[in-house]
Amino acid sequence: MVDFGGWEMPQQYTSIRDEHLAVRKVAGLFDVSHMGRFFLAGPSTFEFLQRLVTNDLAPVAHGQAQYNLMCNEQGGVVDDLVVYRGSEGFFVVVNASNREKDLAWFREHAPGDVEIEDRTFELGLIAFQGPRAQELLPTDADLDAIPFFGFGNGKVAGIDALISRTGYTGEDGFELFVDSKRVGEVWDAILEHGRTAGVLPAGLGARDATRLEAALRLWGNDMDESVNPYEVGLGWTVKLDKGEFTGSEALQKVKAQGPAKRLLGLKLEAGSIARHGSAVSVDGKQVGVITSGTHSFFLGFPIALAIVNAPSLRVGDRVVVDVRGREAAAEVVKLPFYRGSSRSAASPART
């Protein structure tokens, strides 16, 4: 068990390798109750959120969700989040490490007619991810009717749940919002139902490896308030023509001038696992740093994300990465490293 955003979380239940491969080949079950969950309602809620996030919420209909970024006035990424639009209001899922900060910001800036409730502790959240997740989820819901980044209500193992076709592994699957008092029953039922097919509970190690293979960004590693969306390849979430929002003026300038940095993928030699903050160099000159790195059990070699000077490198170029004081060769490769069964080509990022 390790501390993660103030929550005690399992690094692994069995082995990271086995859990990782279960997610890629069958399905894995993750406890993601550490994520913050806010409910917002009131006459001005849409306008408030539209001024808060970078993406355009106007096309989002009831029963749909949207990946978003929240930026500061300088265009730095304060957090990434998912906004769900329901018939009674909006639901927002934020990163565990930013829950208290985000909640305070929401409440400080919301108009008086917007009510904000922190439902993190009354609603459990688990994620069932993998190419066979739909087949193996014990539910009465019509899962074919739930599109990627859509959601609906149904029973899972006989217990009421909000079922969202979202996730953080690159695979198809679902995130299940369940009464915290009953989430353990749902967890046990999913594992029992999928046991003979190879379903496993999965910890933080498998979660990090699968999200990295899919090139999904991790707030606090791959992005934070010191970088802007364009520098980490998330410019597609920025809709400058929707009207003014926090950071829009700064982001207009970045888009016009071009980002000073960019995120790229690296394939490393066997046995060389790059860690966050390690230097990336070309011809003895540092050009960037590693933001995330791991060994991919599924692909069979170490992979990493790095932020480098914008014009410096292209796919196929060779670089040197500092791995615990020694030089390790790496190759710039196209992202994502792996494209799984997820139903969309878009690559959201979450923790």
Side-chain angles (χ1 to χ4, degrees), residues 35-42 44-86 89-95 98-99 101-103 105-106 109-111 114 116 146-151 164-168 170 175 211 214-220 222-225 227-256 259 262-263 335-336 342-351:
M35 305 288 290
R37 296 174 284 290
F38 308 153
F39 178 72
L40 290 78
S44 301
T45 302
F46 172 81
E47 290 78 11
F48 165 61
L49 287 172
Q50 187 78 321
R51 292 193 302 270
L52 177 72
V53 299
T54 60
N55 215 332
D56 186 3
L57 291 168
V60 181
H62 294 167
Q64 293 181 339
Q66 184 187 71
Y67 178 69
N68 251 297
L69 299 179
M70 185 165 64
C71 291
N72 58 26
E73 292 290 356
Q74 293 72 44
V77 180
V78 173
D79 203 2
D80 67 318
L81 55 152
V82 176
V83 179
Y84 299 76
R85 188 170 193 172
F90 289 82
F91 207 62
V92 180
V93 176
V94 304
N95 287 309
N98 291 331
R99 181 182 66 85
K101 177 189 73 173
D102 289 354
L103 183 61
W105 197 100
F106 275 44
H109 293 85
V114 173
I116 302 171
I146 302 177
F148 187 68
F149 265 66
F151 63 94
S164 174
R165 198 170 214 126
T166 49
Y168 191 52
E175 291 181 304
R211 71 91 190 169
L216 303 178
R217 286 56 154 176
L218 173 62
W219 194 94
D222 307 309
M223 57 185 174
D224 55 28
E225 296 187 36
V227 297
N228 63 65
Y230 296 103
E231 292 175 328
V232 291
L234 295 175
W236 60 270
T237 70
V238 180
K239 302 299 190 293
L240 295 171
D241 58 354
K242 72 167 183 173
E244 186 177 345
F245 59 89
T246 304
S248 58
E249 184 175 346
L251 292 174
Q252 284 178 335
K253 294 178 181 178
V254 174
K255 185 175 182 180
R262 67 187 180 96
L263 192 79
L335 293 176
S342 173
R343 296 189 175 189
S344 171
S347 296
R350 297 179 59 198
T351 43

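Note that these values count all heavy atoms, side chains included, but never hydrogens, waters or copies made by symmetry.
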Is the backbone of [Y] close enough, under 3.5 Å, to the side chain of [X] for a donor and an acceptor to pair up by distance?
X      : Y      : result
Trp219 : Asn98  : no
Arg165 : Ile146 : yes
Arg211 : Gly170 : no
Asn68  : Asn55  : yes
Thr54  : Thr237 : yes

Open item on the list: Please tell me whether Phe90 and Tyr84 form a close aromatic pair, meaning their ring centres lie under 6.0 Å apart.
Closed with: no
Task: Close aromatic pair by centroid cut-off 6.0 Å: Phe149 and Tyr67 - done: no
Do you know which two heavy atoms are closest between [X] and [Y], and how far apart they sit?
X      : Y      : value
Asp56  : Gln50  : OD1-NE2, 2.7 Å
Val114 : Ser44  : CG2-C, 3.7 Å
Leu240 : Ser248 : CD2-O, 3.8 Å
Gln66  : Val60  : NE2-CG2, 3.5 Å
Leu81  : Asp79  : CD2-O, 3.9 Å

Task: Check against side chain to side chain contact (heavy atoms under 4.5 Å, CB included), Lys255 and Val238 - done: CA-CA 10 Å; Lys255 185 175 182 180; Val238 180; over 6 Å; no
Nearest 0.5 Å, please: how far is [atom2] in [Y] from [atom1] in [X]?
X      : Y      : atom1 : atom2 : result
Leu216 : Asp222 : CG    : CG    : 9.5 Å
Met70  : Phe245 : CE    : CZ    : 13.0 Å
Leu234 : Arg217 : CG    : CZ    : 4.5 Å

Open item on the list: Under a plain distance cut-off of 3.5 Å, with no hydrogens placed, do Glu175 and Ser164 share a side-chain donor-acceptor pair?
Closed with: no
TODO: May I ask you to test the Val78-Lys101 pair for a side-chain heavy-atom distance under 4.5 Å?
DONE: yes
Task: Student check: side-chain heavy atoms of Phe38 and Phe91 closer than 4.5 Å - done: no
